[in-house]
A.B. asks: 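Take this structure, written in structure tokens, and hold onto it; I'll ask about it next.
Sequence lines set the chain letters: A, B, ... in the order given, protein chains first and strands last, and positions in each chain run from 1.
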Amino acid sequence: MATRRRSVYVPQEIEPKWQKIWAERGVMTASDSSPKPKYYDLVMYPYPSGELHMGHARNYVMGDALARMKRMQGYEVLHPFGWDAFGLPAENAAMKVPGLHPMKWTLDNVAESKRDLKMMGILYDWDREVTSCMPDYYKWTQWLFLLMLERGLAYRAMAPVNWCPVDKTVLANEQVINGRCWRHPDVEVEKRDLEQWFLKITDYADRLLDDLALLDKWPQKVRVMQTNWIGRSQGAEVDFPIDGLSGESVRIYTTRPDTLFGATFMVLAPEHPLVDRVTTEKHRARVHEYIETARKETEIERLSTEREKSGVATGGFAINPVNGEKIPIWIADYVLVTYGTGAIMAVPAHDERDFEFAKRYDLPIREVIAPPAGSQTELREAYVGPGAMVNSGQFSGLDSATGFERICDWLEQQGKGKRSVKYRLRDWLISRQRYWGAPIPVVYCPTHGVVPVPVDQLPVTLPDTYAPLAEQPDWYRTTCPIGGEEAKRETDTMDTFIDSSWYYLRYASPHDDAQAFDPELANHWMPVDQYTGGVEHAILHLLYSRFFVKVLHDAGMVDAIEPFMRLFNQGMVKRFGQVMSKSAGNGVSIAQLTGEQGADAGRVYEMFIGPPEEDVEWNESGLNGVVKFLQRVWRLVLEPESIVEERSAAGAGARVDTVLLKRRVAQTIGRVTEHYDELRFNTAVAFLMELTNTMQDYLQSGGARDAEWDAAVRTLVKLLNPLSPHICEEMWERLGEKGLLADQPWPEFDAAAAAEEKAELVIQVEGKVRDRLEIQVGLSEDEALKVALASERVRAALNGRGPSRVFYVKDRLINLVP
RNA sequence: GUCGGCGUGGCGGAAUGGCAGACGCGCCAGCCUUAGGAGCUGGUGCCCGAAAGGGCGUGGAGGUUCAAAUCCUCUCGCCGACACCA
């Protein structure tokens, strides 16, 4: 008997078997007409980068585990997948390898990634797969652009744009990080003036901001980031007449109209249109020189806060409308032409930037807000807080908040200004001078101007030849859809963030060739119940998607006003201290993992490794621990006698009887269900480990393998299934059960069975725990007191002690008054 | 600079304001064994102690509370986002 070989599972034998069965049975195929409640479980569709590693897998395992559980809980689960397939890496690859087309490179990568996902046992409804670079998808991306155009939300404008000299394309504001290209952190972005397409996301600024309040199941971090990005501020626009130019004035924007009396000079952005008008002959040469220098500076230099402020006087003066004072007009590049009105009143006493500027150029500083307590006699820095207004004419004496309102009222009555709300958010520049994107579907006609391509002529497909569209006359030469004149196609393509702003809607009806999505089906599945992806999309993708849904809602195409109800940002997987990636060369590939420890061990390990939102470090011994755990489950379920035998060899562990076993099973159902639902997989795994420990102790305490044991076994297998589906499915079959485990109902939680039968009474005296007493659950306060006082030890503990005599029973406090 | 988040054993980490350190890794001791990098049992926060037991303990200092890792104030450290937006 001693030579007995313990049974072990071999992942390479069971994993492919079950993957094949699930695919054949269409386990994750979502039905549009199911009577079950729907659950839309979505992971951010990725850029197809080819072979996947365990860093990618963590995200997808979470989504898969949730989908599997929700399915067992009786939901009709939509768990789709697709590819954000336009974009630069494909072009870079094509440029490196002559003759390689971005399409081929992309589709090869898709195939490779897809194979890896399947090897991990991750189930999607592949019937609904979308690929954004395919004409049947980007046809509708183009259609959505035309919808925006029709609704006045797409426009063309000449603008100083962010230009990446390496990628040779324009970037959105959101793609410029510290003045550098988001794809090339050491390449500084240049400013160029180009005619470009924009989407008017600023029209939705208020709603994008206000509706964040509805997203209470989003990480607050993301909501804060979006709030800051939209950057709404309340203030006033005020007209300052230009001295000597009757009827002309400069409009400024301020968030502190209460400091209007403290304005001692005015500053225009170098690009401000009135610069020429206000500059006197004497100052013209110097102003011109300053503007030239400012233009040549990169965004980085200009925006650096470390840099000392610079500027130049124009020689012109403006009249402060509240007191008729003449104040000099300066030009300085710390004022941005793109924000507010491109001009400010400078109040050095109450604004740090103005203060610094005034110090440098020796401009007057006048205090108009007195700090609340203890006035600062010396003005060493600007006081930006609230306080009482002083030196402010009829408004002196008011507190600054009231003064804000009174001055605004006064300005509006006098017609000299008005309340105004400004945003940091800018319109979304979507033109890209790249081949590998969806062509913007418009035609430039000499007679009719900008003409949208008629819907029945969509899609405007990309030419087969990989080369910039502007260099392909065969492609861009066309005729005007209205008059038939010779015309030219737009040669820019769209930002790929447009593709990803609506893909989740396409999943509702991915094969519809008559519309972008079927509104009825979209309304059936939307909104997304759980959205999972990286925090790097906290602003760009999520803000754009929210914008699209609001536009589509206004167009009557979807009921939802927000796309994603619950958002989760998972942490990244690191190895050797660095984020796993192909370029860092530290990835554990899915192919390698499944060939060794198996997909299930990798899945459970990645869920157990740490909190799901935290970055985690991959390490082999942790993975081995999980393999050990799974092998133990395997034996416990299929070969419990081998565990019973071990008892005699080494002595018993903890005593576990049937009552304890039952209770532990019930508790585990409750905890695991709750924690899976909240994506707290690390603790869910810990609870399952506790259950197996209890089951093992039960066997080793001589527990019978009766109905209770069988129930425990089946519960364990079901609860573990979302994380370790292959092994659980195989065990289910070997247990002689009929049907797929994937189709089994989720175990029901029995609160009564999970409750402890004893409660503890903790006797604290003067803040210290003096004694503990086991009592029955469900006793009233009086009964509990009686039990407590019946105890000799309790009486002794209380005897002669100080004032605080407190009992604690579960979550109830009982105060004992002597 | 501003705004957010986080500081718990040797390590990853648990803890609706209620026995801090679950679960796992690692380590120590033992058992078993045709010796496997296997399996099993016990131990493992720190200090004192042979033990029983006692003291200390969640970055630091205060505070609220019968009770604080958890709430409040200040402070130090780390991480992230934004960064002249008037």
Side-chain angles (χ1 to χ4, degrees), chain A residues 2-3 5-6 8 177-179 219-225 227-229 231-233 235 252-256 259 267 302-307 309 332-336 338-347 350-354 356-357 384 422-426 535 538-539 605 608-611 613-617 619-626 628-629 631-632 635 642-643 645-654 680 682-690 693 696 700 760 762-769 772 802-816:
Chain A
T3 63
R5 262 206 124 61
R6 281 182 295 268
V8 292
I177 296 149
N178 282 335
Q220 97 150 347
K221 177 183 175 173
V222 174
R223 294 196 320 229
V224 168
M225 283 166 74
T227 303
N228 294 340
W229 188 262
R232 177 158 70 189
S233 71
I252 61 98
Y253 174 72
T254 178
T255 54
R256 293 295 302 272
T259 64
V267 187
R302 203 173 147 178
L303 289 180
S304 166
T305 43
E306 266 95 77
R307 196 180 64 137
K309 295 201 172 16
D333 61 6
Y334 79 92
V335 173
L336 308 173
T338 46
Y339 184 77
T341 59
I344 62 160
M345 66 168 187
V347 185
H350 306 292
D351 183 281
E352 284 159 11
R353 298 149 300 184
D354 299 344
E356 188 192 327
F357 195 79
V384 298
K422 298 285 178 200
Y423 303 90
R424 213 191 76 121
L425 183 71
R426 307 294 156 80
V535 72
I539 296 173
Y605 174 57
F608 182 59
I609 189 168
E613 70 281 6
E614 298 290 327
D615 290 352
V616 293
E617 176 76 21
N619 81 67
E620 291 297 319
S621 54
L623 178 60
N624 288 338
V626 167
K628 250 164 68 177
F629 164 66
Q631 293 289 10
R632 202 145 56 94
R635 288 175 57 208
S642 76
I643 287 177
E645 280 161 22
E646 275 162 3
R647 178 198 173 215
S648 49
R680 294 158 68 191
N682 55 327
T683 43
V685 174
F687 297 143
L688 290 167
M689 287 173 166
E690 280 186 87
N693 289 345
Q696 186 167 336
Q700 293 177 343
E760 223 181 20
V762 180
I763 291 93
Q764 285 185 345
V765 179
E766 292 167 333
K768 298 257 179 205
V769 175
R772 298 161 189 291
S804 46
R805 299 169 182 183
V806 178
F807 294 85
Y808 164 67
V809 185
K810 280 282 180 183
D811 53 351
R812 273 180 301 154
L813 287 177
I814 304 171
N815 290 288
L816 176 65

A.B. asks: Starting the side chain at C-beta, find the nucleotide from B:A14, B:C3, B:A86 nearest to A:Val224.
C.D. replies: B:C3

A.B. asks: When rounded to the nearest Å, what value does the distance between P atoms of B:A22 and B:G45 take?
C.D. replies: 8 Å

A.B. asks: How would you label the glycosidic angle of B:G59: syn (within 90° of 0) or anti?
C.D. replies: anti

A.B. asks: Hey, does the side chain of A:Lys628 come within less than 4.0 Å of B:C25's phosphate (OP1/OP2), counting only N and O?
C.D. replies: yes

A.B. asks: Once side-chain hydrogen bond (donor to acceptor under 3.5 Å, both in side chains) is applied, do any residues pair with A:Glu620, and if so which ones, sequence neighbours excluded?
C.D. replies: A:Trp618

A.B. asks: If we take the C1' atom in both B:G4 and B:G43, what is their distance in whole Å?
C.D. replies: 43 Å

A.B. asks: Is there a side-chain contact between A:Asn619 and the phosphate of B:G24, meaning an N or O under 4.0 Å from OP1 or OP2?
C.D. replies: no

A.B. asks: Looking at B:G13, I'd like to know if its phosphate oxygens (OP1 or OP2) sit under 4.0 Å from a side-chain N or O belonging to A:Arg680.
C.D. replies: no

A.B. asks: Go through the structure and list residues passing salt bridge (charged side-chain N to carboxylate O under 4.0 Å, His left out) with A:Asp351, not counting sequence neighbours.
C.D. replies: A:Arg353

A.B. asks: Provide the Watson-Crick or G-U wobble partner of B:U33, both distances under 3.5 Å; none if there is no partner.
C.D. replies: none

A.B. asks: If you measure from the P atom in B:U64 to the same atom in B:G55, how many Å do you get, rounded?
C.D. replies: 24 Å

A.B. asks: Write down the distance between NZ (A:Lys309) and C1' (B:A86), rounded to a whole number of angstrom.
C.D. replies: 11 Å

A.B. asks: Give a yes/no answer on whether the side chain of A:Gln700 brings an N or O atom under 4.0 Å of OP1 or OP2 in B:U41.
C.D. replies: yes

A.B. asks: Using atom C1' of each nucleotide, how far apart are B:A51 and B:A68 to the nearest Å?
C.D. replies: 33 Å

A.B. asks: Checking all strands, does A:Asn693 fall into the base, sugar-phosphate, or nothing category for heavy-atom contacts under 4.0 angstrom?
C.D. replies: sugar-phosphate

A.B. asks: Using a heavy-atom cut-off of 4.0 Å across all strands, would you classify A:Gln696 as base, sugar-phosphate, or nothing?
C.D. replies: sugar-phosphate

A.B. asks: If I pick the P atom on B:C6 and the same atom on B:G57, what distance separates them, to the nearest angstrom?
C.D. replies: 24 Å

A.B. asks: Distance between the C1' atoms of B:U44 and B:C25, in whole angstroms?
C.D. replies: 13 Å

A.B. asks: From the list B:A14, B:A86, B:A22, which nucleotide is the closest neighbour of the side chain of A:Asn682?
C.D. replies: B:A14

A.B. asks: For a quick test of reading the model: is some side-chain N or O of A:Tyr339 closer than 4.0 Å to OP1 or OP2 of B:A86?
C.D. replies: yes

A.B. asks: Compare side-chain N and O positions of A:Ser233 against OP1 and OP2 of B:A86 and report whether any pair is under 4.0 Å apart.
C.D. replies: yes

A.B. asks: When both hydrogen-bonding distances must be under 3.5 Å and the geometry is Watson-Crick or G-U wobble, what is B:G10 paired with, if anything?
C.D. replies: B:C25

A.B. asks: Could you tell me the separation between the CD1 atom of A:Ile539 and the C1' atom of B:C82, rounded to a whole number of Å?
C.D. replies: 8 Å

A.B. asks: Rounded off to whole Å, could you give me the CG-to-C1' distance for the A:Leu688 and B:G24 pair?
C.D. replies: 13 Å

A.B. asks: From the options B:G5, B:A86, B:A81, select the nucleotide whose nearest atom is closest to the side chain of A:Gln220.
C.D. replies: B:G5

A.B. asks: Mind listing the N/O atom pairs, protein and nucleotides 7-12 of chain B, below 3.5 Å?
C.D. replies:
{"from": "B:G12", "atom 1": "O2'", "to": "A:Ile609", "atom 2": "O", "distance (Å)": "2.7"}

A.B. asks: Among all residues two or more places apart in sequence or in another chain, which pass the salt bridge (charged side-chain N to carboxylate O under 4.0 Å, His left out) test with A:Arg256?
C.D. replies: A:Asp258

A.B. asks: Considering residues at least two apart in sequence or located in another chain, which fulfil the side-chain hydrogen bond (donor to acceptor under 3.5 Å, both in side chains) criterion with A:Arg424?
C.D. replies: none

A.B. asks: Over how many whole Å does the gap from A:Gln631 atom CD to B:A38 atom C1' extend?
C.D. replies: 10 Å

A.B. asks: B:A20 and B:G39: how far apart are their P atoms, nearest whole angstrom?
C.D. replies: 33 Å

A.B. asks: Roughly how far apart, to the nearest Å, are B:G5 and B:C74 at atom P?
C.D. replies: 14 Å

A.B. asks: Mind calculating the distance between CG (A:Asn228) and P (B:G1) to the nearest angstrom?
C.D. replies: 18 Å

A.B. asks: Rounded to whole angstrom units, what separation is found between the OH atom of A:Tyr334 and the P atom of B:C84?
C.D. replies: 13 Å

A.B. asks: For B:C82, take OP1 and OP2 only and decide whether either is under 4.0 Å from a side-chain N or O of A:Arg424.
C.D. replies: no

A.B. asks: So, using side-chain hydrogen bond (donor to acceptor under 3.5 Å, both in side chains) as the criterion, who are the partners of A:Gln696 when residues are at least two apart?
C.D. replies: A:Arg632

A.B. asks: Between atom CZ in A:Phe357 and atom P in B:A86, what is the gap in whole Å?
C.D. replies: 19 Å

A.B. asks: Among the candidates B:A83, B:C84, B:C25, find the nucleotide nearest to the side-chain atoms of A:Asp333.
C.D. replies: B:C84

A.B. asks: Output the rounded distance in Å from CD (A:Glu620) to P (B:G37).
C.D. replies: 17 Å

